[in-house]
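First comes the structure, then the notes that go with it.
The analysis underlying the following values was restricted to heavy atoms, covering all of them including side chains, and did not include hydrogens, waters or symmetry mates. Just so it is clear: chains get the letters A, B, ... in the order the sequence lines come, proteins before strands, and each one is counted from 1.
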Protein chains: 4
Amino acid sequence: MKDQQLIKKRREQMIKGAVSLFIEKGFHRTTTREIAKQSGFSIGTLYEYIGSKEDVLYLVCDAIYEEVSDRLRQQLDTKGSGVERLKKAIAALFHVIDEMQEEVLVMYQEAKSLPKEALPYVLQKEMDMTELMERIIQECVDGGGLELEEQEIKLLAHNILVSAHMWTFRRWAIQKLYTLEEYTNLQIKQLLKGVTEPIKEV
Amino acid sequence: MKDQQLIKKRREQMIKGAVSLFIEKGFHRTTTREIAKQSGFSIGTLYEYIGSKEDVLYLVCDAIYEEVSDRLRQQLDTKGSGVERLKKAIAALFHVIDEMQEEVLVMYQEAKSLPKEALPYVLQKEMDMTELMERIIQECVDGGGLELEEQEIKLLAHNILVSAHMWTFRRWAIQKLYTLEEYTNLQIKQLLKGVTEPIKEV
Amino acid sequence: MKDQQLIKKRREQMIKGAVSLFIEKGFHRTTTREIAKQSGFSIGTLYEYIGSKEDVLYLVCDAIYEEVSDRLRQQLDTKGSGVERLKKAIAALFHVIDEMQEEVLVMYQEAKSLPKEALPYVLQKEMDMTELMERIIQECVDGGGLELEEQEIKLLAHNILVSAHMWTFRRWAIQKLYTLEEYTNLQIKQLLKGVTEPIKEV
Amino acid sequence: MKDQQLIKKRREQMIKGAVSLFIEKGFHRTTTREIAKQSGFSIGTLYEYIGSKEDVLYLVCDAIYEEVSDRLRQQLDTKGSGVERLKKAIAALFHVIDEMQEEVLVMYQEAKSLPKEALPYVLQKEMDMTELMERIIQECVDGGGLELEEQEIKLLAHNILVSAHMWTFRRWAIQKLYTLEEYTNLQIKQLLKGVTEPIKEV
DNA sequence: AATGAATGAGCATTCATTCAT
DNA sequence: TATGAATGAATGCTCATTCAT
C-alpha cells in the first residue's frame, strides 16, 4: 500500500503534535484541526493516516507506553540481582515516570475515551509492565531475599506501579512534600519494609 | 428559606441525575439536555441553578466527596485506639470506596474538566481525607504502636488513600485477583508490615 | 411533546423552502444550511424538526404526493360516469401534473435518495393513485363502455399515470410539439383508441 | 494513433468501472477514488482522461446510449415491413431495455447531474432513438398499415420509448404483474390498437 | 504517462446557552 | 419560577482536485 516509511513518519509527527495538545488541554478540548496544524499538515492529510479522532488517542497511548517501556528497559540493571536489583528497578521506574509525568497523566485521564476495541490493548501494556516487575520480585523470592506468597507478589507489583503513577497524579500534594529522591527512598522503604535500607544512588 | 430549600432540592435532583449519566457515559459525552431530563426538569430550569455545564461537574464531585466522607465517618470506630483503630479505619475506607466505586471513578476521570477555580476546592477535600487518615496514624505513633517519622506518616496516609482508590481504577486487574476482604487484608499487611496480623472482621 | 401546531407550521415552512431549492439545484446540491435559511430559521432549528437531511426529502416527497392527490380529487368529476368520466379523470390528472411539473420532476429524480425505509411509503402513494385510476377504468368496463381484461385494466392505469408524468420528464421534446390541450386529446385518443372522440373542454 | 488507442482503452475501463458503481450507489454517492480503483488505475490517471467527475457521468450516459442503439440496430429486422416490422421493432426495443435495465435506470436518475453543456447531447441521443422509431411508424403509415396524422406519429414514437423505459422505472410494480413477454404483447396491443393481433415470437 | 500524497473548502450535525412567554 | 423553542459557533469528517515526482 502506502509507503510504510512515510506512514511511520506522519504518525510520529501526529503523535508528537497530539501529545503536546492533549497535555495542554485534554483530548476532548483538542480539535482535529489543531492536531493537524500542530503536526505540520492539513486536516485532509491527518485523515489519510487515521480513521477517526479516537484513533489519535490510541496512537498516543500506545506511543507513550512504548516509550515508558523502552526507557525503563534501558535503565534496568540486568546485572544486579536479588533485592538490590528490585530496588534499582523501582527507582528506575520512578525515574522514568518522573521524566514522562505529563504523558503518563494524559493516559490516566483520557484512556477512558479510547475506542472500545482499543482499551484492552492498552490495559495489556499496563499488565505487561506489571508482570515485568512481578518477575523481578519473583526472582527475589526465589533467591530468598523476600518472603512473599503468590498473592502478595502480584499485589506488590501493582503497588509498585501505582506508587510510581501516584507521583504524577497526586503531584499537587506529593511533589510539594518530597523530592523524587526522597520519595523514591521512602516508598522503597515502605514497600520492602523490614528487608533493607534505602539505596543511596538513584 | 423557601428559596434555599428549593435550590437544595433542585441541586440534589440534578446531582443524582448527573452522577448516573456521568457514570454511564462520562462528562463530555453527557449533554445538558440529558442532565435536565434525568433530573426531572427542563433545560431552562437547569440553567436557573447553574451557570455552566462545568458547574454540574463541580456539584457532582463535591457531593461524591461529601458522601464518601459521611459514610467513612459513620463507619469510623471512634472507640478503638492504636494500630487496631488504624486497621479498622483502613478497612472502613476500602469498604466505602468499594461501595462507591463508580462515583469514585467518575471523579478520578473527570476532575481534570473541573472549572479552574473549582479544582483546588476538590483537591482540598482529598487533602482533608488524607489528613483524617494522617491523624489516626499520628495517634498510633504517639501511642507507640508505630514507629514512623513525620515524612513517613504523611506518605503512609497518601498510600492508604491511593490503595483504596486503586481498588477502583485498577479493578480490571485487581478485582479479578482478590475479593475485597482479601485485598483489604493483604494491603493492610503490606502497609503496616511487621506490625500486625490480618484483621478478621471487615 | 412539542406543540403539534408549531411542528406542523415549521414543517410546512421547511417543505416550502426545500421544494424550491430542490427544484433549482437538486437534493444533493442543496445544503442543510440553505434549507434552513430558505425556511426562515436557523440550522439549529431545522434539526429540531428533522433527524437528518434525508428526512427533508421524505417530507417533501410526501407533501408533493399529498398535494397532487388533493388537487386531483378536487377536480375529479364524481357526477359523470362511464368513459366520459374516465376521460375527464385523465384530463384532470394531466392538468394537475402540468400545474405541478417542477415538483413532480423533483420526485422522479430524487426519490432514489430517499432513506431506505421511506421509499416503500412513497411508492405506495404512487400505487394509490394508480389504483384510483384503475377503479375508474373498472367502472367503465363494468358499465360496458370499455372492453378490457383484468391485466389490461392494470396496464392502462399505469399507462395513464406514465403519460401524465412524461409530460414533465420529456418536456424538452413533448412540450415543444404540443400544447397541454393537444397532448391531452392525443393521449386520450391513443389510450382509449376505438372507443370515443376527443373531448372538447379541458 | 497509439495515444488515441490508449485514451479509448482507458475510457472503456473507466466507463465499465463507473457504470457498475453508479448502478450500485448512484452518481453522488460514488467517489472519484472509487471510480479510479474500480477502473484499475490511480486517481491521478483518472484525471488525465477527464476534467471533472461530471465528465465520467457524460461518458457513461453516452456509452449506455451507444450500447442500447447498437443492440437495437442489431436486433432490428430490416427485411420485414409494415406493421409487422413495427411490432418487431417494439419488441426488440423492450428486449434491449430489459437487458440493460440497470444502466437505463442510472441514466434516468442521474442525467440531471450532467454538466450543463452535455445534457443536450444526451437528449439528442434520446431524440435519435425516438426518430428511429418514428421512421418505422412513418413507413407503416406510408404503406397504409397505419392511419395516423403527423402529430400522432410523433406521439406514438414517444409513447413507445416511454413504454420501454417504464418497464424499468416502474418495475417495482410492473415486473410483479407481467413477464416481459406478457408486457410486450399487452403494450403492443394497446399502442397499435385496432390494427393487429399480438405477435407470437419475441 | 502514471502515481498517490497533499490540500482545504465544504458539509451534516451537535449542543451549550439564551430569553420570550 | 419554569419552560422549551431558537440560536449559531464549533466540530469531525469527506472528497474533488492538484501537482511534484
For atom CD1 of A:Ile50 and atom P of F:dG12, their distance in whole Å
10 Å
Taking the six-membered ring of A:Phe27 as reference, does the NZ or CZ atom of A:Lys53 fall below 6.0 Å from its centre and within a 45° cone about the axis?
yes
Interatomic distance where CG belongs to A:Leu46 and C1' belongs to F:dC15 [whole Å]
15 Å
Any side-chain heavy atom of A:Gln109 sitting closer than 4.5 Å to one from A:Phe169?
no
State plainly whether the residues D:Glu48 and D:Arg10 are in salt-bridge range, i.e. N to O under 4.0 Å.
no
Heavy atoms, side chains only, cut-off 4.5 Å: are D:Glu103 and D:Glu67 in contact?
no
Among E:dA2, E:dT13, F:dA16, the one nearest any side-chain atom of D:Tyr49 is E:dA2
Does A:Arg29 have a side-chain nitrogen or oxygen under 4.0 Å from the phosphate oxygens OP1 or OP2 of F:dT11?
no
Check the distance between E:dA6's C1' and A:Gln13's CD and give it to me in whole angstrom.
12 Å
E:dG8 C1' sits how many Å from A:Glu48 CD, rounded?
13 Å
Whole angstrom is fine here: how far is it from NZ in D:Lys9 over to P in E:dA2?
9 Å
Closest to side chain of A:Arg33, choosing from E:dA6, F:dG12, F:dT3
F:dG12
Hey, which sits more toward the 5' end of DNA chain E by its nearest nucleotide, C:His28 or C:Thr45?
C:His28
To the side chain of C:Thr31, which of E:dC11, E:dA16, F:dA6 is closest?
E:dC11
The side chain of B:Leu6 is closest to which nucleotide in this list: F:dT7, F:dT1, F:dT17?
F:dT1
Report yes if at least one side-chain N or O of A:Tyr47 is closer than 4.0 Å to OP1 or OP2 of F:dT14; otherwise report no.
no
Closer than 3.5 angstrom, by distance alone: can the side chain of B:Gln13 be matched with the main-chain N or O of B:Ser39 as a donor-acceptor pair?
yes
Starting from C1' on F:dT3, measure out to CZ on B:Phe41 and report it in whole angstrom.
12 Å
Applying the Watson-Crick and G-U wobble criteria at under 3.5 Å, what pairs with F:dG12? Answer none if nothing qualifies.
E:dC11
Should F:dA20 form a Watson-Crick or G-U wobble pair with both distances under 3.5 Å, which nucleotide is its partner?
E:dT3
Nucleotide nearest A:Ile43 (side chain, heavy atoms from C-beta), chosen from E:dG8, F:dA6, E:dT17
E:dG8
Whole angstroms only, please: what is the CD-P distance between C:Gln5 and F:dA5?
14 Å
Closest to the 5' end of DNA chain F, once B:Gly44 and A:Glu54 are matched to their nearest nucleotides, is B:Gly44
Which whole-number value in Å describes the distance from D:Lys8 NZ to E:dA1 P?
18 Å
Does A:Thr32 put a side-chain nitrogen or oxygen below 4.0 Å from OP1 or OP2 of F:dC13?
no
